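Notes follow once the structure below has been shown.
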Number of protein chains: 2
Amino acid sequence: MAEPLDPEMFDPVCPSSAMPIHIGDKWTGMVVLCLEGGRRRFNELKGPLRGITPKVLTQTLRAMERDGLVTRTAYDENPPRVEYELTPLGRSLLTLIEAARAWSKDHLPALLQARQGHDAAPGPRLLR
Amino acid sequence: MAEPLDPEMFDPVCPSSAMPIHIGDKWTGMVVLCLEGGRRRFNELKGPLRGITPKVLTQTLRAMERDGLVTRTAYDENPPRVEYELTPLGRSLLTLIEAARAWSKDHLPALLQARQGHDAAPGPRLLR
DNA sequence: CAGAATCCTTTGCGATACTG
DNA sequence: CAGTATCGCAAAGGATTCTG
């Protein structure tokens, strides 16, 4: 249905935690991106979502399903197969993610630099 | 310098917690909005930020200062006066907030409805 | 394969009281 | 006025193990 997901599509060293904008909870935005190209199976998602535990991935997907962002389709086969797919509502988040990316491209370096400068300061710089 | 802040500028019943997008931590986005119209004093911010404790407001402002989003200016007076102001970087977040608002205007009702429908469902609807 | 069950640690946030 | 100092809790997320 779609190319395999690139296991390295998310840079583990990327300072995304510094981003002042977040989509849903920790993994939600990445899940949306993983599903952008089409439906994916549970274990397929675990590739790029490096280090996510099945418990947390399940939680994340269930919450997204509840909010109408993804659909879950279970096929009655053995071994089991379950596929997740973005709904139009879920797809609408892509515009927000794009806005976040644009912001980070334009401003994240400045934020990081401010943070680093602040951290490097020996202390509350007393006037002298 | 600016009109007093409307103590009710944030609707306490607003389902912002349902929003799949967040600016910084819990209070950051609201602080940015409070500072949009100009510099504000510490206790002035506590008005619209209903229920925030001084500890948490201090934390929030310190984190924002560290990231270069606000500046803090302390005047050597008695009683003390401290003013916070958005930097251009902090101001750049307004575009993101605007994007979030646009998204929520267009899609949040659908999300809320999906959630409500899901919660009302008696159980995993087995095919029959 | 796609989870469920259990346990545990971290962090965010709040309540309350005190201070230069 | 503008904070600081403690205490405490609940929730998010992770590690590990087990199963239809």
Side-chain angles (χ1 to χ4, degrees), chain A residues 1 4-5 10 12 16-20 22-31 34-35 39-67 70-85 123-124 126, chain B residues 1 4-5 10 12 16-20 22-31 34-35 39-67 70-85 123-124 126:
Chain A
M1 130 118 276
L5 288 172
F10 302 114
S16 57
S17 61
M19 285 273 295
H22 310 287
I23 307 293
D25 277 338
K26 183 170 181 184
W27 301 95
T28 308
M30 287 183 267
V31 170
C34 287
L35 294 177
R39 42 177 56 203
R40 301 284 181 182
R41 306 180 56 164
F42 187 86
N43 277 330
E44 210 175 347
L45 293 171
K46 290 176 63 181
L49 271 20
R50 316 208 74 105
I52 197 173
T53 62
K55 184 193 107 179
V56 174
L57 180 52
T58 301
Q59 273 179 188
T60 303
L61 289 167
R62 292 279 195 276
M64 293 177 72
E65 195 190 356
R66 168 174 184 247
D67 285 349
V70 300
T71 56
R72 175 181 183 278
T73 313
Y75 299 88
D76 196 357
E77 301 172 355
N78 198 302
R81 180 165 58 104
V82 177
E83 290 185 335
Y84 293 90
E85 186 176 16
L126 305 181
Chain B
M1 130 117 279
L5 288 173
F10 303 113
S16 57
S17 60
M19 284 274 295
H22 310 287
I23 306 294
D25 277 338
K26 181 171 183 186
W27 301 96
T28 307
M30 286 183 267
V31 170
C34 286
L35 295 177
R39 44 178 54 203
R40 298 287 181 181
R41 304 179 58 163
F42 188 85
N43 277 329
E44 211 174 348
L45 293 172
K46 290 175 66 181
L49 271 20
R50 314 206 75 103
I52 196 173
T53 62
K55 184 191 104 178
V56 174
L57 180 52
T58 301
Q59 273 178 191
T60 304
L61 289 167
R62 293 279 194 276
M64 293 176 72
E65 197 190 355
R66 172 171 116 106
D67 285 349
V70 299
T71 56
R72 175 181 183 277
T73 311
Y75 299 87
D76 196 356
E77 299 171 0
N78 198 304
R81 180 165 57 104
V82 177
E83 291 186 336
Y84 293 91
E85 186 175 17
L126 304 181

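Proteins get letters first, then strands, A, B, ... in listed order; numbering begins at 1 in each. None of the values given here were measured: they were computed from a predicted structure.
In this structure, A:Trp27 atom CH2 and D:dG13 atom C1' are separated by 9 Å, rounded to whole Å. Distance, A:Phe42 CZ to C:dA2 P: 8 Å, rounded to whole Å. Computed from coordinates, the B:His22 NE2 to D:dA11 C1' distance equals 14 Å when rounded to whole Å. In this structure, B:Asp25 atom CG and D:dA11 atom P are separated by 17 Å, rounded to whole Å. With rounding to whole Å, A:Leu61 atom CG is found 16 Å from D:dA12 atom P. With rounding to whole Å, A:Glu83 atom CD is found 13 Å from C:dC1 atom C1'. Atom pair A:Asn43:CG and C:dA4:P shows a separation of 13 Å (rounding to whole Å applied).
Contact check, A:Lys55 against D:dT16: no side-chain N or O comes under 4.0 Å of OP1 or OP2. Look at B:Arg41 and you won't find any side-chain N or O under 4.0 angstrom from OP1 or OP2 of D:dG3. B:Arg72 has a side-chain polar atom (N or O) that falls below the 4.0 Å cut-off from OP1 or OP2 of D:dG3. Taking 4.0 angstrom as the limit, A:Arg40 places none of its side-chain polar atoms (N or O) nearer than this to OP1 or OP2 of C:dC1.
Among the nucleotides C:dA2, D:dG14, C:dG14, the one closest to the side chain of A:Thr53 is D:dG14. Nearest to the side chain of A:Pro54, among D:dG14, D:dA2, C:dG3, sits C:dG3. Listed nucleotides: D:dG3, D:dG13, C:dC13. Nearest to the side chain of B:Lys26: C:dC13.
Against DNA chain C, the stretch residues 73-80 of chain B makes heavy-atom approaches under 4.0 Å through B:Pro80. Proximity of residues 44-52 of chain B to DNA chain D (heavy atom under 4.0 angstrom from any strand atom) is not detected for any residue.
A side-chain hydrogen bond (donor to acceptor under 3.5 Å, both in side chains) with A:Glu83 is found for one member of A:Arg40, A:Arg72, A:Arg41, A:Arg39 and no other, namely A:Arg39.
In terms of position along DNA chain D, the nucleotide closest to B:Arg62 lies nearer the 5' end than the nucleotide closest to the other residue of the pair B:Arg62 and A:Gln59.
Note on residues 46-65 of chain A: no pairs pass salt bridge (charged side-chain N to carboxylate O under 4.0 Å, His left out), not counting sequence neighbours.
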Run the numbers on B:Leu45 and B:Leu61 for side chain to side chain contact (heavy atoms under 4.5 Å, CB included), then give the verdict.
CA-CA 10 Å; B:Leu45 293 172; B:Leu61 289 167; 4.1 Å; yes
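Distance check: A:Leu49 CG to A:Trp27 CH2 gives 5.5 Å after rounding to the nearest 0.5 Å.
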